[in-house]
Protein chains: 2
Amino acid sequence: MGVAPSTVSNAYNRPDQLSPELRERVFEVARRLGYAGPDPLGRGLRRRRAGAVGVLYTDRLSYAFADPAAVMFFEGISQATEEAGLGLLLIPGGSLGSREPEAVRNAAVDGLVIWCMAEDDPLLETALERRLPAVLVDQPPVEGVPSVGIDDEGAARAAAEYLIGLGHTRFGAVSFELALGARGGIADLSRQREATFLPSGSRLKGYAAAIESAGLSWADVPVYECKENKVSEGRVAAEVLLSKTPQPTALLATSDLLAIGAIEVARERGFSVPGDISVIGFDDIPEAAQHIPPLTTVYQPHVEKGLAAGRILIAQLGGEGVAHSEVLPTRLVVRGSTAEVKRA
Amino acid sequence: MGVAPSTVSNAYNRPDQLSPELRERVFEVARRLGYAGPDPLGRGLRRRRAGAVGVLYTDRLSYAFADPAAVMFFEGISQATEEAGLGLLLIPGGSLGSREPEAVRNAAVDGLVIWCMAEDDPLLETALERRLPAVLVDQPPVEGVPSVGIDDEGAARAAAEYLIGLGHTRFGAVSFELALGARGGIADLSRQREATFLPSGSRLKGYAAAIESAGLSWADVPVYECKENKVSEGRVAAEVLLSKTPQPTALLATSDLLAIGAIEVARERGFSVPGDISVIGFDDIPEAAQHIPPLTTVYQPHVEKGLAAGRILIAQLGGEGVAHSEVLPTRLVVRGSTAEVKRA
DNA sequence: CTCCTCTTCTGAAACGTTTCAGAAGTGTAG
DNA sequence: CTACACTTCTGAAACGTTTCAGAAGAGGAG
């Protein structure tokens, strides 16, 4: 091509460093040779940045897209990365359930959003070992890494207190995974204490706190741990919980998806919701308001959470040192899936 | 560290090439030095692969997450990439509406899923110039690049024929973007002919074909072109179309989101849907079945579309030459938003 | 003509790997 | 003791850029 590599580089990156004619000539030759501009990997290596941030999620990515709350969270992150002109790399979970650390190590990113991973997930350590700028979301804090999240415990407590105020005394709880490798089934107190997923652990703690301070016994409340956060699991949980004696009059779910499944089963069994049984959710996904009956649930700002996480991460990339954490507000949204307990 | 770089490399990538003790020692030193394993960029450069595939979308990414059809499509792609242990890089659209080619050129990926871009979008050319393995989805075919899609025209035609069979003769159409920079407003025939977005163009063509072959005049059917694929735009379209004389008794939408918006407005104006006005959608997003009334619409397999696109792309990566295209099946799903035309 | 400044371009080094041929050492068979 | 085969490790080159100091030449001021 008869020109130094550095000149080609300048043609693409610093037009002011060479004459317009030569620049045009370089492009012309590039076109003829089928050269599409600097290779991203070579450039990334030299410049020491990848031009993308990664997001690490506890489950398989493809599951995340089936969870409306996750999708909104992604929407927020992508908004932040788009603002900054960065790519968003979705890091694959283990291809066959096995958590491959390879993918985490191999992700060409400048920073990491680590979302909702179990405290003891080996992948979490792998991720932190990379010493990239990172931000934790809905997870226990780690020294030196900013966190974004909500007050899970407080919000759950408020939700349970609301039901107590309606006169309910017999509860059942539907939780998603408490720790890696959820078995699916009733989780006793010790299993609850082992919870390594922050949201499930904290929300149960909130429910427990409300119930104990009402003079009731949390130990008597059956907690069903689902294997995944999906409607079908909520159904399974309700099957079990509604067969208990004494039968609960109120079900506390840790997500709307689970709550929806529970309501389905309750109705199929001939109960009126909220007439006979009240069900409360968590997340306030868009479907919650559309649902019949509309779900009483805890609103949390999913999109904003993603946006905040993205922005905090990006600020770190810019080298603006102080990584601040953020706790976003929640709000109990009373709709139609809860009512005063029926007088016996 | 007292050991050759190649040995470190072997420690991480080829355990069989060195003694277990040395390998352990390497890791030990790595830990102490805070070395987290081979740098993805260096490795990528040398190995000539990035370990990720990119997805390029016509809109801003953050919009995509708000569209259930898009989300399902992503779900499919991510399933495919996850199977292959690859990352999924979401390439940012122009940060401020302006389509920056930088991001496309700068994406460190081994292949590209190019989804639903206008035929004349400069970014499309930029993407193809990279000469990476690619697959086009819901787009006009390009020589040498495999395509994945559905028979938009045939499916739309079937949908319109169904309405004609119900006795409707006065139609209105609600379309999303026909070409880059949609203005929002009635699109005349010449604008329709200019359509560069395959799905909108083909679906309208299908509607037109059905109507013409029923002996009606497509030229008399007002077509409202929305700026974006969202409920609020469907509302605007319906406001306009329902004010036309003669008033349409059936609205043909090119997406469910638009159909839902149209139904809202029709009802607010005191019409019964489907009593007075029939509305048909396209996509069969999950919300379509939940909606009141449930939407009559064209089902297409969104997740499978993403899965197919991903797999075809990944097959090309593996060097398996022949890139085959795929046309996925669709199906008219009759629900409650359509009915026989009211006898005057 | 000399000195200085500008513009335009170049050369070499560096970014962090992997690859591959081969060096060094250790056994084993003949 | 030689020949050969392993095993274990190393050195150099290459991957495709960008950066930075500076060479070469042109033009202007003194």
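Residue numbers begin at 1 in each chain, while the letters A, B, ... track the order of the sequences.
For the side-chain hydrogen bond (donor to acceptor under 3.5 Å, both in side chains) condition, the pairs that include at least one residue of residues 41-56 of chain A, sequence neighbours left out, are Asn13(A)-Arg43(A). Sorted by first and then second residue, the salt bridge (Lys or Arg N to Asp or Glu O under 4.0 Å) pairs involving residues 306-319 of chain A (not counting sequence neighbours) are Glu83(A)-Arg311(A).
Protein chain B touches strand DNA chain C; the 5'-most and 3'-most nucleotides with an atom under 4.0 angstrom of its non-hydrogen atoms are dG16(C) to dT19(C).
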In residues 69-80 of chain A, what donor-acceptor pairs under 3.5 Å come from side-chain atoms, sequence neighbours left out?
unit_1: Ser78(A); atom_1: OG; unit_2: Phe74(A); atom_2: O; d: 3.3
unit_1: Ser78(A); atom_1: OG; unit_2: Glu75(A); atom_2: O; d: 2.9

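When Asp110(A), Val113(A), Ile114(A), Leu132(A) are each tested for a side-chain contact (heavy atoms from CB on, under 4.5 Å) with Leu313(A), only one passes: Val113(A).
Tyr35(A) comes within 4.0 angstrom of sugar-phosphate atoms only, judged by non-hydrogen atoms across all strands, and of no base. Here Ser19(B) lies in heavy-atom contact (under 4.0 Å) with sugar-phosphate atoms only. Contact annotation for Arg49(A): no contact, since no heavy-atom pair falls under 4.0 Å across all strands. As judged by a 4.0 angstrom heavy-atom cut-off over every strand, Leu41(A) is placed among residues making no nucleic acid contact. At a threshold of 4.0 angstrom between heavy atoms, the contacts of Leu45(A) include nucleobase atoms, whether or not backbone atoms are also involved.
Scored by the salt bridge (charged side-chain N to carboxylate O under 4.0 Å, His left out) test, Arg131(A) finds no partners at all (sequence neighbours excluded). Here Asp138(A) pairs with Trp115(A), Lys305(A) under the side chain to side chain donor-acceptor pair (under 3.5 Å) rule; sequence neighbours left out. The salt bridge (charged side-chain N to carboxylate O under 4.0 Å, His left out) test applied to Glu194(A) returns Arg191(A), not counting sequence neighbours. With sequence neighbours excluded, no residue forms a salt bridge (charged side-chain N to carboxylate O under 4.0 Å, His left out) with Glu119(A).
Comparing Gly42(B) and Pro5(A) by the nucleotide of DNA chain D that holds the closest heavy atom to each, the one mapping nearer the 5' end is Gly42(B).
End-to-end axis angle of the helix from dC1(C)-dG30(D) to dG30(C)-dC1(D), using five pairs per end and rounding to 10°, comes to 60°.
Here the C1' atom of nucleotide dT7(D) and the CD atom of Gln17(B) are 9 Å apart, to the nearest Å.
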